[in-house]
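Note sheet for the following structure.
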Amino acid sequence: MNMAPQLQADITPEGPDYDIVRSVIEFLTVEYREQPSLEAIAAHLNQSPTQLQKTFTRWAGLSPKAFLQAVTLDHAKRLLRQENMPLLETSIEVGLSGPSRLHDLFVTHEAMSPGEWKAKGGGLVIRYGFHQCPFGTALVMTTDRGLAGLAFGDGGDDATCLEDMTSRWPNAKFIQDSEATSSYAKRIFEPGNWSSDQPLRVVLLGTDFQVRVWECLLKIPMGRAVTYSDIARDIGQPTASRAVGAAVGSNPISFVVPCHRAIGKNGALTGYHWGLTRKRAMLGWEAGKA
DNA sequence: TTTAAATGTTCAT
DNA sequence: ATGAACATTTAAA
């Protein structure tokens, strides 16, 4: 309600948190057969076990052990099985600018007109800024109609990250303006700020097919997962699962459009534009908040 | 468990 | 127009 200046610090209390967490996840992923003990992990990172335990838990809401369990095949399959009845079919009569009630974050979305899409962003003014978030550095992009892009980068690859995004809309005009984008960052990464009073407005810049896929993703509740073929079925092209994968992968608003909740039919995490480790991190983080 | 063929969209010749 | 790439999936060996 108030407190503008400090919020960004609240999001990431200790700057390097994600760096540590990321290392832990990477280590666990490679060595998970060994079921490494907390001591082993800590030793590998040159940290004290208690320190590490505390940092990790503060970040994820889950102990490293519970986290490891949350990202295994078994757990993923359970998430899928749970999705038998209700998920995609029952939901929502969303027209083009209809509000969709999410289980978690409230979003209103709006697709671009075909003419605007053909212009590849021409005549569009996009403001962008970098912000710290629980998953590293986030690049936030907005238009006057709402959030248009969200990307991630670690360390010094901010430039790479920016390049990746700007090349999607070559004719748009880009202006650096962290002031304008910071309010979005605050809203997105702090679950406490999620409310229906002020829905988050997003603009879907993509082809017809892509937009349909992304709208599907928006219906997936927090802590749940669906397969690529589920989505294909829901948009009326049951055999297009592969195409769906491609569309999911080109989603410009990562995290807000929960592309990390789409997984393979056997429960395996297949791919992620910003790195599989980050996908695991997001799934585990959500498991801790749910 | 690994391999091969089928599949739909997008992007580059 | 045509072909290759892709964050898939299924069936067959």
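Quantities reported herein were computed from a predicted structural model and do not represent experimental measurements. Proteins get letters first, then strands, A, B, ... in listed order; numbering begins at 1 in each.
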(message) With a 4.5 Å cut-off on side-chain heavy-atom distances among I, L, V, M, F, W and Y, is there a chain of contacts connecting L73(A) to Y32(A)?
(response) no
(message) From NZ of K265(A) over to C1' of dT8(C), roughly how many Å is that when rounded to an integer?
(response) 10 Å
(request) Ignoring the backbone of Y228(A), work out which of dT8(C), dG8(B), dT10(C) is nearest its side chain. (result) dT8(C)
(message) Any side-chain N or O of S241(A) below 4.0 angstrom from OP1/OP2 of dT9(C)?
(response) no
(message) Expressed as a whole number of angstroms, how long is the span from N266(A):CG to dT1(B):P?
(response) 11 Å
(message) Distance check needed: dC11(B) C1' versus Q210(A) CD, whole Å only.
(response) 11 Å
(message) Taking D230(A) first and then K265(A), would you say they form a salt bridge - that is, a charged N and a carboxylate O separated by under 4.0 Å?
(response) no
(request) Check every atom of dC6(C), dA7(C), dG8(B) against the side chain of R242(A) and return the nucleotide holding the closest atom. (result) dC6(C)
(request) Take the protein atom CZ of R233(A) and the nucleotide atom P of dT7(B), then report the distance between them rounded to whole Å. (result) 19 Å
(request) Assess the pair Y272(A) and H260(A): is the distance between their ring centroids shorter than 6.0 Å? (result) no
(request) Quickly work out the D234(A) CG to dG8(B) C1' distance and round it to whole Å. (result) 17 Å
(message) Let's test this: given Watson-Crick or G-U wobble pairing with both distances under 3.5 Å, identify the partner of dA7(C).
(response) none
(message) I want to verify a distance call: between dT10(B), dG8(B), dT9(C), whose nearest atom is closest to the A243(A) side chain?
(response) dG8(B)
(request) May I have the distance from L217(A) (atom CG) to dA7(C) (atom C1'), rounded to whole angstrom? (result) 12 Å
(message) I'd like to know if E110(A) pairs up with R145(A) as an ion pair, taking the criterion as any Lys NZ or Arg NE/NH1/NH2 lying under 4.0 Å from an Asp or Glu carboxylate oxygen.
(response) yes
(request) Respond yes when some side-chain nitrogen or oxygen of T239(A) is under 4.0 Å from OP1 or OP2 of dG8(B), and no when none is. (result) yes
(message) Assess whether a salt bridge exists between R278(A) and D154(A), defined as any Lys/Arg side-chain N lying under 4.0 Å from an Asp/Glu carboxylate O.
(response) yes
(message) Can you tell me the base-pairing partner of dT13(B)? Count Watson-Crick or G-U wobble geometry only, both distances below 3.5 Å, and say none if there is no partner.
(response) dA1(C)
(request) Please report, rounded to the nearest Å, how far the P atom of dC11(B) is from the CZ atom of R168(A). (result) 11 Å
(request) For F209(A), report the nucleic acid contact type (base, sugar-phosphate, nothing); a contact means any heavy atom under 4.0 Å. (result) sugar-phosphate
(message) Using OP1 and OP2 only, check whether a side-chain N or O of K279(A) sits under 4.0 Å from dA7(C).
(response) no
(message) Using whole Å, what does the distance between atom P of nucleotide dA7(C) and atom CZ of F255(A) come to?
(response) 22 Å
(message) Classify A246(A) by what it touches in the nucleic acid, base, sugar-phosphate, or nothing, heavy-atom distance under 4.0 Å.
(response) base
(message) Nearest to the side chain of Q237(A), heavy atoms from C-beta on, is which of dA7(C), dT9(C), dT9(B)?
(response) dT9(B)
